Student: 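Below is the structure I would like to discuss, written out as structure tokens.
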Amino acid sequence: MKAAVCTKYGPPEVLELRDVKRPVPKDHEILVKVRASTVASGDIRVRSFNSPLLLWLPMRAFLGFTKPRKSILGVELAGEVAEMGKDVKKFKKGDHVFALTGMNFGGHAEYACISEKGAAAEKPVNMSFEEAAAAAFGGTSALFFLRKGKIQEGQRILIYGASGSVGTAAVQLARHFGTHITAVCSTSNFPLVKSLGAHELIDYKEEDFTETGERYDLIFDAVGKRSKKDCRKALASGGIFVTVNGQGIAKVRQEDLIFLKGLIETDRLISVIDKEYELDQITEAHRYVEKGHKKGNVVIKVRHGDSMDK
Ligand SMILES: NC(=O)c1ccc[n+]([C@@H]2O[C@H](COP(=O)([O-])OP(=O)(O)OC[C@H]3O[C@@H](n4cnc5c(N)ncnc54)[C@H](OP(=O)(O)O)[C@@H]3O)[C@@H](O)[C@H]2O)c1
């Protein structure tokens, strides 16, 4: 099968489209014929590997010393179940699914294996493969951190970095949970973020939200650029600060994807897609995402030649 392989740590040019062996599903796994994936911030982190010196050794031990152990990146995908291991019960051949592969990666290929007990669920019926692929990473991450922050109806919430993959999902989830949302992003992204449900908007380049005198019950830093210390004065009494950076990795369960599917199918959650690339444009896609200014998500479309469709 065709796959985008990360040949070593480095710039986007280390990615190569190669013919590799199609994975074989283990007893509890499904083999997904991938129709779409994304280039997520997590892919950029692994490929570029610019961990602080202190974390260099543990991170290399975890990810692989000379190159990523999981050489096919791609943390989320959508596609069709092509084969199943003998013990698979939840899915059947032909099912349309969306999934978060997470630290197993593997989405940037024609086929990927996922445990049926992992973060995989039936694709929302009202989404294309491209939209569904873009719904998993930002959606589940935002859900995890908003729940960690004990989000509740009626709260005043501030979402910092509301225009990225996690941010655009967070705004919509915060709207679903019935909160009053102040979103921080660039002025050029105001129309988008307002359309997702934000009530108030602040441009982070024009104004520091901690200096406005407003207080929030929950501050969610969805881009990991702020600290609890510098946000403390904007927290209401008993308020909570959560961030994607430094508070662990989002734990995702299958139920979370099913929860998101429910919101999507009742028109309460959409995927924001900035750009779409073909699998053989993976280098270009990484270059774009690496700039750090994508709006929502960047999709990789995976097309299958006839020979690969057998
Ligand atoms: N801990 C976890 O489990 C976990 C899970 C998911 C993600 N993350 C981390 O969360 C971060 C965000 O992920 P993502 O995929 O949502 O990123 P992303 O989509 O790449 O974020 C890009 C967006 O961030 C905005 N942005 C950049 N700098 C900003 C700033 N200083 N203030 C406000 N907005 C800013 C950009 O808007 P402008 O163009 O206007 O600057 C752009 O729209 C990444 O660092 C990722 O590694 C962690």
Side-chain angles (χ1 to χ4, degrees), residues 12 37-52 55 59 62-63 73-76 100-105 107 119 133-149 158-174 182-194 196 198 201-210 219-227 230-231 234 241-253 256 260 271-275 285-300:
S37 181
T38 65
V39 174
S41 47
D43 298 313
I44 304 299
R45 255 172 207 260
V46 173
R47 192 258 306 142
S48 61
F49 194 88
N50 41 22
S51 282
L55 292 175
M59 286 307 288
F62 181 58
L63 294 171
L73 303 178
V75 298
E76 59 187 337
L100 188 78
T101 56
M103 293 313 287
N104 284 325
F105 296 91
F137 173 73
T140 55
S141 303
L143 187 60
F144 173 83
F145 285 104
L146 291 175
R147 282 177 173 161
K148 188 182 171 89
L158 180 130
I159 297 170
Y160 186 87
S163 54
S165 175
V166 179
T168 52
V171 172
Q172 297 177 79
L173 290 170
T182 300
V184 183
C185 58
S186 296
T187 302
S188 57
N189 288 324
F190 280 5
L192 166 71
V193 174
K194 194 169 168 42
L196 300 175
L201 293 144
I202 296 174
D203 186 330
Y204 73 94
K205 292 170 192 154
E206 307 277 325
E207 197 175 6
D208 181 352
F209 73 89
T210 67
I219 296 176
F220 174 33
D221 179 0
V223 284
K225 306 270 185 186
R226 308 296 298 241
S227 67
D230 87 82
C231 292
F241 171 83
V242 282
T243 173
V244 288
N245 185 8
Q247 293 184 344
I249 291 189
K251 289 178 194 64
V252 177
R253 303 156 310 158
D256 300 328
L260 295 180
S271 290
V272 174
I273 296 180
D274 183 342
K275 281 178 186 280
H286 269 245
R287 274 192 211 116
Y288 180 68
V289 175
E290 191 160 56
K291 288 183 184 145
H293 297 295
K294 72 176 161 70
K295 299 167 202 1
N297 302 279
V298 164
V299 164
I300 299 294

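All values reported here derive from a predicted model rather than from experimental measurement. As the structure lists them, so they are numbered: ligands from 1, and atoms in each ligand from 1.
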Student: Within the structure, does Lys295 bring an N/O atom to less than 3.5 angstrom of an N/O atom in ligand 1?
Tutor: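 There is no such contact.
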Student: Just jot down the ligand 1 atoms closer than 4.0 angstrom to any heavy atom of Ala222, in number order.
Tutor: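 The list of qualifying atoms is 10 (O), 11 (C), 12 (C).
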Student: Going by the atom numbers of ligand 1, which of them fall below 4.0 Å from some non-hydrogen atom of Ala250?
Tutor: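 Near Ala250, the atoms of ligand 1 are 2 (C), 3 (O).
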Student: What part of Asn297, side chain, backbone, both or neither, has a heavy atom within less than 4.0 angstrom of ligand 1?
Tutor: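 Within the 4.0 Å criterion, Asn297 makes no contact with ligand 1.
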Student: State, to 0.1 Å, how close Leu73 and Arg47 come at their nearest heavy-atom pair, and which atoms those are.
Tutor: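 The pair with the smallest heavy-atom distance is CD1-CB, 3.8 Å.
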Student: Return the residue, atom name and 0.1 Å-rounded distance of the protein heavy atom closest to atom 22 (C) of ligand 1.
Tutor: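 Protein heavy atom with the smallest distance to atom 22 (C) of ligand 1: Gly292 O, 3.5 Å.
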Student: Where does Lys225 meet ligand 1, judged by heavy-atom distances below 4.0 Å: at the side chain, the backbone, both, or neither?
Tutor: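 Only the side chain of Lys225 comes within reach of ligand 1.
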Student: If only side-chain N and O atoms count, and only distance matters, is there a donor-acceptor pair under 3.5 Å linking Asn104 with Thr101?
Tutor: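 No, no side-chain donor-acceptor contact under 3.5 Å.
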Student: Can you sort out the partners of Ala135 under side chain to side chain contact (heavy atoms under 4.5 Å, CB included), two or more places apart, ordered by chain and number?
Tutor: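 Partners of Ala135 under the side chain to side chain contact (heavy atoms under 4.5 Å, CB included) test: Phe98, Met127, Ile264, Ser271.
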Student: Provide, to 0.1 Å, the distance between atom 21 (O) of ligand 1 and the closest protein heavy atom, together with that atom's residue and name.
Tutor: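 Looking at atom 21 (O) of ligand 1, the protein heavy atom closest to it is Gly164 CA, 3.7 Å.
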Student: Report yes if some heavy atom in the side chain of Leu173 is under 4.5 Å from a heavy atom in the side chain of Leu260; otherwise report no.
Tutor: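 A side-chain contact under 4.5 Å exists here.
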Student: What do you reckon, does Ser141 have a nitrogen or oxygen under 3.5 Å from a nitrogen or oxygen of ligand 1?
Tutor: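 No, no N or O pair falls under 3.5 Å.
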Student: Start with the C-alpha distance between Asn245 and Asp221, add both sets of side-chain angles, then the distance that settles side chain to side chain contact (heavy atoms under 4.5 Å, CB included), and finish with yes or no.
Tutor: CA-CA 8 Å; Asn245 185 8; Asp221 179 0; over 6 Å; no
Student: For ligand 1, which atoms sit closer than 4.0 Å to a heavy atom of Ser163?
Tutor: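 Result: 25 (C), 36 (C), 37 (O), 42 (C), 43 (O).
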Student: Where the side chain of Ser37 meets the backbone of Glu76, is there a donor-acceptor pair that is under 3.5 Å apart?
Tutor: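 Yes, Ser37 side chain to Glu76 backbone: donor-acceptor pair under 3.5 Å.
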Student: Can you report which non-hydrogen protein atom sits closest to atom 26 (N) of ligand 1, along with the distance?
Tutor: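 Checking every protein heavy atom, the shortest distance to atom 26 (N) of ligand 1 gives Val223 CG1, 4.1 Å.
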Student: Where do Ala174 and Ile159 come nearest, in terms of heavy atoms and distance?
Tutor: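 Smallest heavy-atom distance, with atoms named: CB-CD1, 3.9 Å.
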Student: With respect to Val244, determine whether any N or O atom, backbone or side chain, lies less than 3.5 Å from an N or O atom of ligand 1.
Tutor: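 Yes, at least one N or O pair falls under 3.5 Å.
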Student: Is Asn245 near ligand 1, meaning one of its heavy atoms is under 4.0 Å from it?
Tutor: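 Not so, Asn245 does not reach ligand 1.
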Student: Specify the protein heavy atom at minimum distance from atom 16 (O) of ligand 1: its residue, its atom name, and the distance to 0.1 Å.
Tutor: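 Ranked first by proximity to atom 16 (O) of ligand 1 is Val166 N, 2.8 Å.
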Student: Which residue supplies the protein heavy atom nearest to atom 30 (C) of ligand 1, what is that atom called, and how far is it?
Tutor: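 For atom 30 (C) of ligand 1, the nearest protein heavy atom comes out as Tyr204 CE1, 3.4 Å.
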Student: Counting non-hydrogen protein atoms only, what is the nearest one to atom 40 (O) of ligand 1? Give residue, atom name and distance.
Tutor: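 Residue, atom and distance for the closest contact: Ser186 OG, 2.3 Å.
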Student: Scan side-chain atoms only and decide if Ser186 and Lys205 contain a donor-acceptor pair under the 3.5 Å cut-off.
Tutor: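 Lys205 and Ser186 do have a side-chain donor-acceptor pair below 3.5 Å.
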Student: Out of curiosity, is Ser188 lining ligand 1, as in a heavy atom under 4.0 Å away?
Tutor: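 No heavy atom of Ser188 comes that close to ligand 1.
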Student: What residue and heavy atom of the protein are closest to atom 45 (O) of ligand 1, and at what distance?
Tutor: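 I find the closest protein heavy atom is Arg45 NH2, 3.0 Å.
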Student: What are the two closest heavy atoms between Ala134 and Thr38, and how far apart are they?
Tutor: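 Looking at all heavy atoms of both residues, the closest pair is CA-CG2, 3.7 Å.
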Student: Please write down residue, atom name and distance for the protein heavy atom closest to atom 14 (P) of ligand 1.
Tutor: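 Its nearest protein heavy-atom neighbour is Ser41 OG, 3.6 Å.
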Student: Within the structure provided, determine whether Leu192 and Val272 are in side-chain contact (heavy-atom separation under 4.5 Å).
Tutor: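 Leu192 vs Val272: side chains touch.
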Student: So which heavy atom on Val166 is nearest to which on Phe220, and how close?
Tutor: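 Scanning both residues completely, I find the closest heavy atoms to be CG1-CZ, 3.7 Å.
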Student: Ring-plane angle category for Phe209 and Tyr160, please: parallel below 30°, perpendicular beyond 60°, tilted otherwise.
Tutor: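 Ring orientation, 0 to 90° scale: tilted.
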Student: Taking both backbone and side-chain atoms of Gly248, is any N or O found less than 3.5 Å from an N or O belonging to ligand 1?
Tutor: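 Yes; at least one N/O pair falls below 3.5 Å.
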Student: Identify, by atom number and element, the atoms of ligand 1 in contact range of Gly296, meaning under 4.0 Å from any of its heavy atoms.
Tutor: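 Near Gly296, meaning under 4.0 Å from one of its heavy atoms, ligand 1 has 19 (O).
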Student: Can you find an N/O atom of Phe145 closer than 3.5 Å to an N/O atom of ligand 1?
Tutor: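 It does not: no N or O of Phe145 is found under 3.5 Å from an N or O of ligand 1.
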Student: Decide whether an N or O pair under 3.5 Å exists between Lys205 and ligand 1.
Tutor: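 By distance alone, the answer is no.
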Student: Do we see a donor-acceptor contact under 3.5 Å between the side chains of Asp208 and Thr210?
Tutor: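 A donor-acceptor contact under 3.5 Å links the two side chains.
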Student: Just heavy atoms, cut-off under 4.0 Å: does Tyr160 contact ligand 1 by side chain, backbone, both, or neither?
Tutor: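 Side chain only.
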Student: For ligand 1, which atoms have a heavy atom of Asn189 less than 4.0 angstrom away?
Tutor: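 Contacts of ligand 1 toward Asn189, numbered from 1: 40 (O).
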Student: Where does Gln247 meet ligand 1, judged by heavy-atom distances below 4.0 Å: at the side chain, the backbone, both, or neither?
Tutor: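 Under 4.0 Å from ligand 1, Gln247 contributes no heavy atoms.
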Student: By the side-chain hydrogen bond (donor to acceptor under 3.5 Å, both in side chains) test, which pairs, at least two apart or in different chains, include something from residues 133-147?
Tutor: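 Listed once each, the pairs are Arg147-Asp256.
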